[in-house]
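What follows is a short report on a single structure.
Both ligands and their constituent atoms are indexed starting at 1 by order of listing.
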Amino acid sequence: MAKQENLPAQAGNQLMEKIISLCKRRGFVFPGSEIYGGLANSWDYGPLGVELKNNIKNLWWKRFVQQRDDMVGIDAALIMNTKVWENSGHLENFSDPLVDCKKCHHRFREDQLENAKKCPDCKGELTESKQFNLMLKTFLGPVEDKENTVYFRPETAQAIFIDFKNVLGTSRKKLPFGIAQIGKAFRNEITPGNFIFRTREFEQMEIEYFIKEEIWKEAFEEWRKEMWSWMTDELGLNKDNIHELDVPDGERAHYSKKTIDFEFDFPFGKKELYGLAYRTNFDLKNHFQEPPYEDIETKEKIYPHVIEPSLGVDRSVLAVLCNSYKEEDNRVFLKLNPKLAPYKVAVSALKKNDEKLVAKAEEIYHNLKKEFSADFDNRGNAGKFYGSQDEIGTPYCIMVDFQTLEDNTVTVRDRDTTKQERVKAEELLSFLQNKI
Ligand code: ATP
């Protein structure tokens, strides 16, 4: 993809509008609560969006949990004992600097104003900044008082720390090892926006990788490489559109001694996609009075240190969509890594009312569906069939025509090259398995 970094704002806005419109039209992402006028910055994943999102999550889980010997997973509750947030420092420190416009009363994150001294909306005077806590509050039980106040987790990480001893006791892992989790997190963001980039409810894929302090630099470097490989090899993001930002002192989260933000050139600008942080042993120390890990050889009790790759699922979906959206030769297509595509293959019959053709196409479709997510698209119009599947990123389209009835071959069309080749119907499964 062409570098997007220098896209003028107007071109970037137009591109975003096209992507948002495609998402809505084709069932990737809808505005949340739409029939009631919507709810600001809430989005629902539709039938194709949930496939894309699940494919990303499953690929991540497979790569970082199932295929490694040094990793296990958990799936913890969204609401935890409030002491978790007292001891983790979130109740005190998890905040963004907020300024108000004295004239139009719009609110801004001070760190996003880029030194602007006036309101970007009406040029009014801004208030002094104050810290605004991002934790989303609710009550458990019928009484809405301080004792029953609880918080939705603002990151998945804390559950991993507080379950550390339970995981250790049941999984027989030795340092270095990691615990992974995929799940929702909630933040009462001051300025949500840019479609699914910044919302108040989102999903994260996080790993806490536990190590001995002395190897933190090597471990950090290993995870930095892993993140690059994830972004480029698995998600297929163009490496020229990814940038590392070494977050300077004073700007890192309260728990971090080193953080690299991986920024991506979204159409609306260069913005954080993922973070990689060295959290030291800050969290385990805050949660456990006694060191929770005993070294097998030395019998020494220690608080392991932690490297944390933290990935937003929704930002992954958005980066993948922006990266794969193509307009070339009068067609629009999503050049998705086939592993991520909602449908791997779609099947159609050349004539929609020809019983024999349709029966054959259905037979092929049902066979393929046992192995791949597949679509049956029987509109009897090759051009529309291909155009429609291109737009949702289906890598292969199969057309059943009259020759099929004679020699049992079909045409397979490649999304990216638009080239067609004839393949024997009985070899389709292995043909696609090789390609995908
Ligand atoms: P930002 O600076 O954009 O607010 P952050 O540095 O606070 O992000 P982290 O706390 O490092 O974000 O969260 C880890 C990851 O979770 C981010 O890199 C991003 O992918 C995702 N994420 C964080 N906040 C949101 C949000 N409001 N909406 C969607 N994804 C988010």
Side-chain angles (χ1 to χ4, degrees), residues 29 32 39-45 49 53 56-57 60 85 88-90 93-98 107-114 131-136 152-161 180-208 223-224 227-228 230-231 235 237 242-248 250-266 268-279 282-283 306-322:
V29 183
L39 173 69
N41 301 295
S42 102
W43 302 95
D44 295 343
Y45 287 84
K53 185 154 92 144
I56 292 175
K57 291 193 283 185
W60 187 87
W85 309 114
S88 69
H90 281 79
N93 297 316
F94 196 64
S95 48
D96 279 335
L98 170 94
R107 309 194 117 176
F108 304 94
R109 244 173 86 172
E110 191 192 31
D111 56 327
Q112 290 177 345
L113 282 181
E114 288 167 4
Q131 289 300 320
F132 176 79
N133 194 291
L134 301 176
M135 303 273 285
L136 205 71
F152 288 99
R153 63 184 184 194
E155 59 172 25
T156 58
Q158 288 308 315
I160 295 179
F161 296 124
Q181 180 168 214
I182 299 180
K184 288 243 163 158
F186 300 79
R187 295 182 189 179
N188 200 7
E189 296 277 2
I190 298 167
T191 48
N194 284 326
F195 193 34
I196 52 174
F197 177 80
R198 187 183 302 285
T199 49
R200 294 191 170 114
E201 171 183 342
F202 55 97
E203 255 182 302
Q204 291 185 314
M205 308 186 278
E206 291 194 305
I207 292 166
E208 303 307 319
W223 279 104
R224 194 172 73 84
M227 291 187 73
W228 273 101
W230 164 257
M231 291 184 285
L235 298 188
L237 302 183
I242 303 169
H243 314 274
E244 285 188 13
L245 172 77
D246 203 338
V247 183
E251 288 178 31
R252 288 189 297 270
H254 61 278
Y255 47 72
S256 170
K257 222 170 166 178
K258 179 173 176 74
T259 298
I260 288 181
D261 284 349
F262 292 88
E263 298 183 316
F264 181 73
D265 294 321
F266 289 97
F268 43 85
K270 185 164 78 167
K271 303 269 182 220
E272 175 176 333
L273 173 60
Y274 302 140
L276 175 65
Y278 170 40
R279 286 179 87 127
F282 177 86
D283 300 273
V306 165
I307 305 292
E308 179 195 66
S310 179
L311 294 79
V313 178
D314 312 83
R315 285 189 196 177
S316 307
V317 172
L318 185 58
V320 162
L321 286 170
C322 297

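- With ligand atoms numbered from 1 in the order given, ligand 1 contributes 18 (O) to contacts under 4.0 Å with heavy atoms of G275.
- Every atom of ligand 1 is numbered from 1 in the order shown, and the set under 4.0 Å from a heavy atom of T199 is 26 (C), 27 (N), 28 (N).
- In this structure, E272 contributes its side chain and D261 its backbone to no donor-acceptor pair below 3.5 Å.
- When each atom of ligand 1 is checked for a heavy atom of Y274 under 4.0 Å away, the hits are 18 (O).
- For ligand 1, the atoms closer than 4.0 angstrom to any heavy atom of E189 are 24 (N), 26 (C), 27 (N).
- The shortest N/O to N/O separation between L311 and ligand 1 does not fall below 3.5 Å.
- Contacts between K271 and ligand 1 below 4.0 angstrom, taking non-hydrogen atoms only, are absent altogether.
- Remark: minimum distance from atom 22 (N) of ligand 1 to any protein heavy atom is reached at F202 CE1, 3.5 Å.
- In this structure, R109 is part of the shell of residues with a heavy atom less than 4.0 angstrom from ligand 1.
- Judged purely by distance below 3.5 Å, without hydrogens or angles, the side chains of T191 and Q112 pair a donor atom with an acceptor atom.
- Which of E155, E272, R187 comes nearest to atom 7 (O) of ligand 1 through a heavy atom is settled by distance: it is R187.
- Considering F202, W43, F266 in turn, W43 is the only one that fulfils the ring pair (Phe, Tyr, Trp, His ring centres under 6.0 Å) rule with F195.
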I260 vs M227, test: side-chain contact (heavy atoms from CB on, under 4.5 Å). Steps then yes/no.
CA-CA 11 Å; I260 288 181; M227 291 187 73; over 6 Å; no
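- No hydrogens or angles considered: a donor-acceptor pair under 3.5 Å links the side chains of H243 and D265.
- Proximity of L273 to ligand 1 is established by a heavy-atom distance of less than 4.0 Å.
- Among protein heavy atoms, the minimum distance from atom 21 (C) of ligand 1 is reached at G312 CA, 3.7 Å.
- Contact between F197 and ligand 1 is present, with at least one heavy atom of the residue lying under 4.0 Å from the ligand.
- At a 3.5 angstrom cut-off on N or O pairs, D314 does not count as close to ligand 1.
- Between I190 and R200, the shortest heavy-atom contact is O-NH2, 4.0 Å.
- A cation-pi arrangement, defined by a distance under 6.0 Å to the six-membered ring centre and an angle within 45 degrees of its axis, is present between K53 and Y45.
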Evaluate Q158 against W85 for side-chain hydrogen bond (donor to acceptor under 3.5 Å, both in side chains), listing each step before the verdict.
CA-CA 8 Å; Q158 288 308 315; W85 309 114; over 6 Å; no
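- Contact annotation for R315 and ligand 1: only side-chain heavy atoms (C-beta onward) come within less than 4.0 Å of the ligand.
- Seen from the ring of F186, R153 does not count as a face-on cation partner, given the 6.0 Å and 45° thresholds.
- Looking from atom 16 (O) of ligand 1 to the surrounding protein, the closest heavy atom is Q204 NE2, 3.2 Å.
- None of K258, E308, K257 except one satisfies the side chain to side chain contact (heavy atoms under 4.5 Å, CB included) rule with R279; the exception is E308.
- Nearest protein heavy-atom contact of atom 1 (P) of ligand 1 is R198 NH1, 3.5 Å.
- Given atom 14 (C) of ligand 1, the protein heavy atom at minimum distance is S310 OG, 2.9 Å.
- A side-chain donor-acceptor contact under 3.5 Å links R187 to the backbone of P154.
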